[in-house]
Amino acid sequence: MSSKKITLKSSDGETLEVEVAIAVQSQTIKHMIEDDCADGGIPLPNVTSKILAKVIEYCKKHVENSKKEDSIEEEDELKEWECNFLQVDQQILCDLIHAANYLNIKSLLDLTCRRVADMIKGKTPEEIRRTFNIKNDFTPEEEEEVRRENKWALE
C-alpha cells in the first residue's frame, strides 16, 4: 500500500510529490491540509525548489528516525547526519533558516540557527563582519558608543 502524497509548489514553479507524513513536519503545511487548502497542491511562494528539496530531505530523515528505536547509537547517527546536512554555503544556510521559519519547522529552525551561532561564537565583531560579509556602517564615534554601552558583551 502506498502512502498518501501531496504536491508542493516551489516559488520557481517546480512541483514535488511528498508523502503527507513527511510534509506535515511543517506546521504551516499541516494546517493547510487540516483546513482543506491542499487541493491542487500547496504553493510555497517563499521557498525555491533547491531549498524545498533540502527541507524535504531533512523532514524525511526525521520521520524515518522517529520510527526507529531510541538508542544512543541512533541519536549519534542523527547528529552526525545533521552535521553533514549543514555542510552548505552561507546562502543556502540562510535560505534554510528562512524556509524553516516560513514553514514552521521548529527543529530545523533550531538546528540552522544553532549552526549560525556556532559560526559566530568567540569571534570579534570584525571577524563576524568578515565571515558574513557585513559592511560596517557605523562611524567611529557610533561604534565607540556601542562598545561603551555594551562593554559587558565584549569582555
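Remark: Leu86 CG to Lys54 NZ distance equals 7.5 Å, nearest 0.5 Å. Separating the CD atom in Glu19 from the CD1 atom in Ile6 is a distance of 12.0 Å, to the nearest 0.5 Å. Interatomic distance, Arg115 CZ to Cys83 SG, rounded to the nearest 0.5 Å: 7.5 Å. To the nearest 0.5 Å, atom NZ of residue Lys106 and atom SG of residue Cys113 are 10.0 Å apart. One finds the CD atom of Gln87 at 12.0 Å from the CD1 atom of Ile92 (value rounded to the nearest 0.5 Å). In this structure, NZ in Lys135 is found 10.5 Å from CZ in Arg129, a value given to the nearest 0.5 Å.
Counting only heavy atoms from C-beta outward, the side chains of Ile29 and Val18 never approach each other to under 4.5 Å. Side-chain contact between Trp81 and Glu57 is present, with at least one heavy-atom pair separated by less than 4.5 Å. Residues Tyr58 and Leu96 form no side-chain contact, since every pair of their non-hydrogen atoms from C-beta on lies 4.5 Å or further apart. Looking at Leu109 and Ile97, their side chains come closer than 4.5 Å, going by heavy atoms from C-beta outward. Within the 4.5 Å cutoff, the side chain of Met119 has heavy atoms near those of the Leu93 side chain. A 4.5 Å side-chain heavy-atom check between Leu78 and His62 finds at least one atom pair inside the cut-off.
The minimum heavy-atom distance between Ile120 and Phe132, with the atom names listed, is CG2-CE1, 3.1 Å. Of all heavy-atom pairs spanning Glu142 and Phe138, the tightest one is OE1-CA, 3.4 Å.
Within 6.0 Å of the CD atom in Glu80, the count of heavy atoms belonging to other residues, nucleotides or ligands does not exceed 12. Counting heavy atoms of neighbouring residues, nucleotides and ligands inside a 6.0 Å radius, atom CG of Asp76 exceeds 12 of them. Environment of NZ in Lys60: sparse, with no more than 12 heavy atoms of neighbouring residues, nucleotides or ligands closer than 6.0 Å.
Using a distance-only test at 3.5 Å, with no hydrogens or angles considered, no donor-acceptor pair links the side chain of Gln25 to the main chain of Val55. In this structure, Asn150 contributes its side chain and Val146 its backbone to a donor-acceptor pair below 3.5 Å. Remark: side-chain polar atoms of Ser26 are paired, donor with acceptor, to backbone N or O of Leu103 under 3.5 angstrom.
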Mind listing the side-chain donor-acceptor pairs of residues 35-52 below 3.5 Å, one per line with the distance, residues two or more places apart or on another chain?
unit_1, atom_1, unit_2, atom_2, d
Thr48, OG1, Ile51, N, 3.4
Ser49, OG, Asp12, OD1, 3.4
Ser49, OG, Asp12, OD2, 2.9

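The existence of a salt bridge linking Glu126 and Arg130 is excluded, since no basic side-chain nitrogen approaches an acidic carboxylate oxygen closer than 4.0 Å.
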